[in-house]
Amino acid sequence: MLLSPLLSSSLLQQACRGLASPAICDVAFNSARRLSNWATVDPDKWDGANPAHAQNLVAGRWTGAARSKTIPDPMNGEAFVSYPDTQASEIDHFVASLSACPKSGLHNPFKNPERYVMYGAVCAKVAEEMRKPEVAGFFAKLIQRTSPKSWSQAMTELVVTRRFFENFSGDQVRFTARGFSVPGDHPGQSSHGHRWPYGPVALITPFNFPLEIPALQLMGALFMGNKPLTHVDHRVSIVIEQLLRLLHHCGMPRTDADLIHGSGAVVNELLLRAQPRSTLFTGSQRVAEKLAVDMRGKVFLEDAGYDWKLLGPDVQDIDYVAWQADQDAYACSGQKCSAQSLLLMHSNWRKAGLLDKLKARAATRQLRDLTIGPVLSWTTGAMLEHMDKLLRLPGAQLLWGGQPLEGHSIPACYGAIQPTAVFVPLAAMRDPEAFKLVTTEVFGPFQVVTEYDDDQLRAVLDVLERMSHHLTAAVVSNDLPFLQEVLAHTVNGTTYAGIRARTTGAPQNHWFGPAGDPRGAGIGTPEAIRLVWSCHREVIHDFGPCSATSQLKQS
Ligand SMILES: NC(=O)c1ccc[n+]([C@@H]2O[C@H](COP(=O)([O-])OP(=O)(O)OC[C@H]3O[C@@H](n4cnc5c(N)ncnc54)[C@H](O)[C@@H]3O)[C@@H](O)[C@H]2O)c1
């Protein structure tokens, strides 16, 4: 694959101009001048010579730390963000701020109910701001600079976030906190189920969706009356900081949420000391399992994504299916927790030429427009080493890719490889070690492809049964008995079914989260918010009258 020789901020401008409408691009690069004074980053002048300076937020005050660290620009290695490198010795304020929130929360159905309405108004105002092209462009640019992805992917993240704010405008926050009542046994008695806050809570999210994931979870926590301590991966946390500044501008009380930049280890120490009553963690399986132990089970988890797509026997709309498969595997350089990691195709699809179509699509991805780009949590060497191990399995072969990207200045701490696919025969996956290797999540532009015949559906279902994580899945078929069979024997929390099925997408209008684990969280919808950010409290009203007969009946 031939790549453009220079990659820096001008490359990002090309990336934007390559895909967005001209009007949106112009505002994206002239946004800072027209933003209100809440923003502290100017995307027009943001580079190593003019780095952004991130700040922590604690008890309503923006603060720093004794030391600071810098983040390399993923496109050229220039130190383009400095952030407070908060040490364990500096977390007292955070502990005190979180501890100041009572278990009954900042609001609940009996306390400060006007705050439900207030958050509906804040959402309406934020949505209004995000509809302004200069604000949309500002956030899309921040997303693209910190977690490089094509302009259309960055803009989609902004749009999903904006629609979420639209969804929860007006009375929708209080409707989300809706309870129920059941008539009692005698006059004056009725039982009422309420959605109750946990009070002090924590929220930890990764780098790949710097705006959408923390924004949706942060707001869910706030809607239900909690006080969240927020931590987003330090490589991208400048984005949520800017959103918090916009939220304050739109009327959110400054003391409602805290933000800590910096290392996960310090946040771990902070959680141990502050003991939030619930923690939502989105990120790797390794950290998820550690926090589950450290927090004695008081966690909701959205962890590793090893997601599969099963192409049924009925070949149709092959160009659409190829386009969707390419998007699912390689958009955002494969750094979506919902990315297609394993493609299981019925042999009819191979015969119809699907692999050639997929290979041709992968070859059109370019660094120039960020349809392929830096990988933030795997180095080039680690991804290629993993590929080599897979290629040593019996019958394995490289389908496409498998080379480092060339002609760029992406720093060596990050990865950069071509969109890659390795074929592994279904039979090879019977071996437990091979299965472990095949189902290791590579958080980059990497997928495993396999093939099955009519008489091998059981073997396919066995592979799916043996997987440990069940986030997204796609069953690409309009063959109803086939769909029925597969859906009946699988468990993924977000499963797409039908010829248009995908593994990625995660818009604000449907549940997104794993299934098959009682700790599994969800994001975005009223049901997800109720599950993750509130618990059930039953209040039984029993006001009387207390007649002599009712005393007799009880004895
Ligand atoms: N299931 C989902 O919805 C979802 C969504 C996005 C990403 N992911 C997963 O995230 C992973 C990619 O992100 P990563 O590898 O950078 O994740 P990671 O687990 O290393 O980091 C995630 C977050 O945890 C923090 N952290 C790290 N160690 C910590 C500790 N000991 N205590 C508290 N916080 C700590 C980090 O600072 C970061 O904010 C992939 O596995 C991907 O599938 C899952």
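The residues of the chain are indexed from 1 along the displayed sequence. Remember, it's a predicted structure, so these values are computed and weren't measured experimentally.
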From CA spacing to verdict: side-chain contact (heavy atoms from CB on, under 4.5 Å), F94, V266: CA-CA 11 Å; F94 289 94; V266 171; over 6 Å; no

Side-chain heavy atoms of I523 within contact of I529, under 4.5 Å: no

H261-Q55 side chain donor-acceptor pair, cut-off 3.5 Å: no

Between S150 and D369, a side-chain donor and acceptor under 3.5 Å: no

From L98 atom CG to L270 atom CG, the distance as rounded to the nearest 0.5 Å: 7.5 Å

Donor-acceptor under 3.5 Å (E157 side chain, I143 main chain): no

From L216 atom CG to T525 atom OG1, the distance as rounded to the nearest 0.5 Å: 9.5 Å

Nearest-0.5 Å distance that lies between atom CG in L280 and atom CG in L301: 8.5 Å

Distance-only side-chain donor-acceptor flag, R365 / T371, under 3.5 Å: no

Any donor-acceptor N/O pair, S169 side chain to N167 backbone, under 3.5 Å: no

Test item: R273 side-chain N/O and V95 main-chain N/O as donor-acceptor pair under 3.5 Å: no

Check: W46 side chain, F80 main-chain N or O, donor-acceptor pair, under 3.5 Å: yes

R145 with D73: basic N within carboxylate O range, under 4.0 Å: yes

Any side-chain donor near an acceptor of the partner, H510 and Y496, under 3.5 Å: yes

Pairing of K141 and D44 as salt bridge, 4.0 angstrom limit: no

R254 side-chain N/O to G60 backbone N/O, donor-acceptor pair under 3.5 Å: yes

D326 versus Q324, side-chain donor and acceptor atoms under 3.5 Å: no

N492 side chain to A515 backbone, donor-acceptor under 3.5 Å: no

Donor-acceptor pair between S104 and K111 side chains, under 3.5 angstrom: yes

Separation between CZ of R163 and OG1 of T156, rounded to the nearest 0.5 Å: 9.0 Å

Taking every non-hydrogen atom, the tightest pair across A506 and V160: O-CG1, 4.3 Å

Side-chain donor or acceptor of D85 paired with backbone N/O of K69 under 3.5 Å: no

Reported CZ-to-OG distance for the pair F446 and S341, which is rounded to 0.5 angstrom: 10.0 Å

Aromatic Y198 / basic R277 pairing, under 6.0 angstrom, 45° off normal: no

Note: R519-E302 ion pair, threshold 4.0 Å (strictly below): no

Heavy-atom side-chain contact between H470 and V491 under 4.5 Å: yes

Residue pairs passing the side-chain hydrogen bond (donor to acceptor under 3.5 Å, both in side chains) test where at least one lies in residues 200-225, sequence neighbours excluded: Q217-W533

Which atom of I204 lies closest to which atom of V267, heavy atoms considered: CD1-CG1, 4.0 Å

Under 3.5 Å: donor-acceptor pair, side chain of H234, backbone of H231: no

Parallel, tilted or perpendicular, as decided by the 30° and 60° cut-offs, for the rings of H248 and W62: tilted

Any donor-acceptor N or O pair under 3.5 Å, side chains T86, N56: yes

Residues E166 and R162 bridged, charged N to O under 4.0 Å: yes

Pair Y306 and H469, ring centroids less than 6.0 Å apart: no

Ionic contact status for R131 with E128, cut-off 4.0 Å: no

Between F223 and F168, ring centroids under 6.0 Å: yes

Note, P206 side chain near T282 side chain (heavy atom, < 4.5 Å): yes

Check: D47 side chain, N50 main-chain N or O, donor-acceptor pair, under 3.5 Å: yes

Under 3.5 Å: donor-acceptor pair, side chain of S333, backbone of G373: yes

CG on N108 to NZ on K103, rounded to 0.5 Å: 14.0 Å

Within 45° cone of F175 ring axis and under 6.0 Å: R178 NZ or CZ: yes

Polar side chain donor-acceptor pair, D307 to T472, under 3.5 angstrom: yes

Step-by-step side-chain contact (heavy atoms from CB on, under 4.5 Å) determination, L244 to E241: CA-CA 5 Å; L244 275 161; E241 179 187 322; 5.7 Å; no

Residue among E441, H386, E385, Q335 satisfying side-chain contact (heavy atoms from CB on, under 4.5 Å) with W378: H386

Geometric class of the Y119/H107 ring pair [parallel <30°, tilted 30-60°, perpendicular >60°]: tilted

K336 NZ/CZ over Y330 ring centroid, <6.0 Å and within 45° of normal: no

Short side-chain donor-acceptor distance under 3.5 Å, K227 and S97: yes

Given D328, T504, T494, the one that forms side-chain contact (heavy atoms from CB on, under 4.5 Å) with S338: T504

